[in-house]
2 protein chains.
Amino acid sequence: MSVMEIQPAVIETEVFRALADPTRRAVLERLGNGEQTVTELRSGFAVSQPAISQHLAALRRAGLVSERRAGRHVYYRADPAGIAPLIGWIERYQSFWRERMDRLKDVLQEMDE
Amino acid sequence: MSVMEIQPAVIETEVFRALADPTRRAVLERLGNGEQTVTELRSGFAVSQPAISQHLAALRRAGLVSERRAGRHVYYRADPAGIAPLIGWIERYQSFWRERMDRLKDVLQEMDE
DNA sequence: CCGACATATAAGTACATGCTTATGGATTGG
DNA sequence: CCAATCCATAAGCATGTACTTATATGTCGG
């Protein structure tokens, strides 16, 4: 099966919308370095704890993060599968973005070396 | 130079925001099949001409489309370079999106065959 | 020229969003 | 236990967004 599974456009929209907010992208970046609790995430951001929780809820709806509950702590982590819709979208438009994708391929190649 | 040039985060935000709207993505898809005027684009969408113009303005701000003026017509077309910030973002998070990127690489490989 | 056309912009409106403070439910440590 | 901690949710507010209609600007055809 292709990297692009059957994904209703609504999910694509959720992912793009989730990533459209700079704070949310920053939260996701933090989670890329390993799972963190809401309280841990809160440090370093100039927003309240509920704001962080709301951002996490949005990221979760988009499938970009998942959670692990342990007592009163909730550990969030980035879900690599979450960007599949993004990649699927790029793939769908490959015909006219082909040139760009070739460049991406070069980048990926460089990463292997 | 890498596929990711120096791109302030604000441009990333513009691109994600532009693509977060389904109508705008559909407009972009249409433009992928070749340049079209605003009036041509209007057909097939259930929104007014100003709405189309506003979507095009958003796509233009994000660098996803460019225009060519010819008399009273304005031909819009998708700009392949516009998704560079998107790819740049994926590249920056390669450390934890690595697994997904490998799958993307497979897809790109398949495209070559 | 000038009316019709192509497009952009302005102004208004309904709804979405991102934040806040307040509060509620669950869990833990002492 | 129970007060403190962790987190989510509710409610409210300011701002942003996507649309509309109305209008302005520019260009063409006859």
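The basis for the numbers below is simple: all heavy atoms, side chains too, and nothing from hydrogens, waters or symmetry mates. Chain identifiers are assigned alphabetically (A, B, ...) following the order of the sequence lines, protein sequences preceding nucleic acid strands; residue numbering begins at 1 within each chain.
Side-chain atoms of A:Arg61 do not come within 3.5 Å of backbone N or O of A:Ala18 as any donor-acceptor pair. Using modelled atom types, one side-chain atom of A:Arg42 and one backbone atom of A:Val47 make a donor-acceptor pair closer than 3.5 Å. Between the side chain of B:Arg24 and the backbone N or O of B:Arg17 there is at least one donor-acceptor pair closer than 3.5 Å.
Rounded to whole angstrom, the span from the CG atom of B:Asp21 across to the C1' atom of C:dC15 amounts to 14 Å. In this structure, CG of B:Leu56 is placed 16 Å from P of C:dA6, rounded to the nearest angstrom. Here the C1' atom of nucleotide D:dA18 and the NE2 atom of B:His55 are 6 Å apart, to the nearest Å. We find that CZ of B:Arg61 is positioned 10 Å from P of C:dT9, with the value rounded to whole Å. Atom P of nucleotide D:dC19 and atom CD1 of B:Ile52 are separated by 8 Å, given to the nearest angstrom.
Closest non-hydrogen pair, A:Leu28 versus A:Ala78, comes out as CD1-CB, 4.0 Å. Residue A:Val74 comes nearest to A:Arg69 through the heavy atom pair CG2-NH1, 3.5 Å, listed as atom of the first residue, atom of the second, then distance. Between A:Ile11 and A:Pro85 the shortest heavy-atom distance is CG2-CG, 3.8 Å. Nearest approach of B:Ser43 to B:Arg30, heavy atoms of both residues: O-NH1, 3.0 Å.
Considering only heavy atoms from C-beta on, B:Ile90 comes within 4.5 Å of A:Ile90 through its side chain. Between A:Trp89 and A:Val15 the shortest side-chain heavy-atom distance does not fall below 4.5 Å. Inter-residue side-chain proximity for A:Val27 and A:Val65 is flagged as unmet; no heavy-atom pair is nearer than 4.5 Å.
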Any N/O pairs under 3.5 Å between the protein and nucleotides 9-16 of chain D? List them or say none.
none

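At the heavy-atom level, B:Arg60 lies nowhere under 4.0 Å from the strands shown.
Contact check of residues 34-47 of chain A against DNA chain D (heavy atom, cut-off under 4.0 Å) returns A:Thr37, A:Val38, A:Thr39. If you check residues 68-76 of chain B against DNA chain D, the residues with a heavy atom closer than 4.0 Å are B:Gly71, B:Arg72, listed by number.
A:Ser48 has no side-chain polar atom (N or O) that falls below the 4.0 Å cut-off from OP1 or OP2 of C:dA22.
Note that CG of A:Leu56 and CG of A:Leu64 are 11.0 Å apart. Values are rounded to the nearest 0.5 Å.
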